[in-house]
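Have a look at the structure below, then the notes.
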Amino acid sequence: MFHTTFYLRRLHSLVGLLVLGMVLFEHIFTNSMALGGAPVLNGALATMELIPKPIFLALEVGAIAVPLLFHAIYGIYICRQANNNPGRYGYVRNWQFAFQRWTAWLLVFFLAWHVFDLRIFTKAISGTPISYELLHSMFTGNPIIAVLYIIGMFAAIFHFCNGITTFCMTWGIAKGPRIQNVVSLCSMGLCALLCLITLVFMGSYFVM
Ligand code: HEM
């Protein structure tokens, strides 16, 4: 039992950092193409469409859906055990611990909505291709949706970046308070940078 929990936690940690981290970077990279306007973003989306459909679907299921479901389900189990106490102690680390859990809950709802709306309903069921024009009318037509997307992206970015610090602690990469503070500062710097990039490409829909 102890061994199963140990290995499940390690797998949860690896999946979060490596697999979902790659998905997050790919998402930010592709979506930042919106800064170049419709031709650039549509071109990037069209390049992905060049991957043969069965391989693309296998990648979506094997490299995104299954790891995400495992990380989310086991993560909910961890969250339900977590004892958040930022008010009692108020240390930065305690707040980061609490935010890691709160953003996890937020991501459950945001990702369910995002995946169902764009991938399942719009693309698979309605047969509407995802394009710059579609995203542009979705965000500018109802800015509340744009705000919800920005909140969801910020939650994913914080969860991932703070996860880099906890990952380094879990795996014994950062031992001792000094190095842990350095890793934490660097990952929060990355968090600020990725949030800024997200804000800029989301904002570009409203000015172009
Ligand atoms: C879908 C909902 C999600 C839930 C419920 C969830 C839950 C959790 C929880 C509870 C932890 C802390 C584990 C611990 O303290 O041992 C965690 C860690 C982590 N998560 Fe998530 N997560 C979700 C989505 C994501 C996404 C989308 C990413 C990537 C963008 C991600 C990346 C990470 C990373 C890198 C860690 C740190 C692993 C470690 O501490 O070793 N998670 N997640």
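Here the structure is a predicted model, which means the values were calculated and not measured. The first residue of the sequence shown is numbered 1, and numbering continues consecutively from there.
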[X] to [Y] - nearest heavy-atom pair and separation:
X    : Y    : value
M153 : I28  : CE-CG1, 3.7 Å
E133 : A38  : OE2-CB, 3.6 Å
V40  : G36  : CG2-O, 3.4 Å
R101 : C79  : CG-SG, 3.8 Å
I197 : S32  : CG2-CB, 4.3 Å
L134 : S137 : O-OG, 3.2 Å

Using atom types as modelled, flag every donor-acceptor pair under 3.5 Å from a side chain in residues 198-208 to any protein atom, sequence neighbours excluded.
| from | atom 1 | to | atom 2 | distance (Å) |
| --- | --- | --- | --- | --- |
| T198 | OG1 | L194 | O | 2.8 |
| S204 | OG | F201 | O | 2.7 |

Would you mind reporting whether [Y] and [X] have side-chain heavy atoms less than 4.5 Å apart?
X    : Y    : answer
V183 : I173 : no
P54  : P52  : yes
L45  : M33  : no

Under a single-linkage definition using a 4.5 Å side-chain heavy-atom cutoff for Ile, Leu, Val, Met, Phe, Trp and Tyr, are [X] and [Y] assigned to the same hydrophobic cluster?
X    : Y    : value
F154 : F139 : yes
L106 : V147 : yes
L8   : L68  : yes
M22  : L193 : no
F97  : M169 : no

- request: Using the ring of Y77 (Phe, Tyr or Trp, six-membered ring only), decide whether R80 places NZ or CZ under 6.0 Å from its centre and within 45 degrees of its axis.
  value: no
About how many Å separate [atom2] of [Y] and [atom1] of [X], when rounded to the nearest 0.5 Å?
X    : Y    : atom1 : atom2 : result
M48  : T30  : CE    : OG1   : 4.5 Å
I145 : M138 : CD1   : CE    : 6.0 Å
H114 : Y149 : NE2   : OH    : 5.0 Å
L24  : H159 : CG    : NE2   : 10.5 Å
I64  : L69  : CD1   : CG    : 11.5 Å
I130 : L118 : CD1   : CG    : 4.5 Å

- request: Take the angle between the ring planes of F70 and Y74 and call it parallel below 30°, perpendicular above 60°, tilted in between.
  value: parallel
Using modelled atom types only, decide if a donor and an acceptor are shared between the side chain of [X] and the backbone of [Y] within a distance under 3.5 Å.
X    : Y    : answer
N42  : Y132 : yes
R10  : T170 : yes
T103 : Q100 : yes

task: Would you sort out whether F110 and I151 count as a side-chain contact (heavy atoms from CB on, under 4.5 Å), showing the intermediate values?
output: CA-CA 9 Å; F110 172 68; I151 295 172; over 6 Å; no
message: Within the 3.5 Å criterion, strictly below it, is a donor on T165 or S187 matched to an acceptor on the partner's side chain?
response: yes
query: Heavy-atom count around F121 CZ within 6.0 Å, excluding the residue itself: above 12?
result: no
task: Decide if atom CG of L196 counts as having more than 12 heavy atoms of other residues, nucleotides or ligands within a radius under 6.0 Å.
output: yes
query: Do the two ring centres, one from W113 and one from F109, sit under 6.0 Å apart?
result: no
query: Out of L107, I76, L20, which residue meets the side-chain contact (heavy atoms from CB on, under 4.5 Å) rule with H71?
result: L20
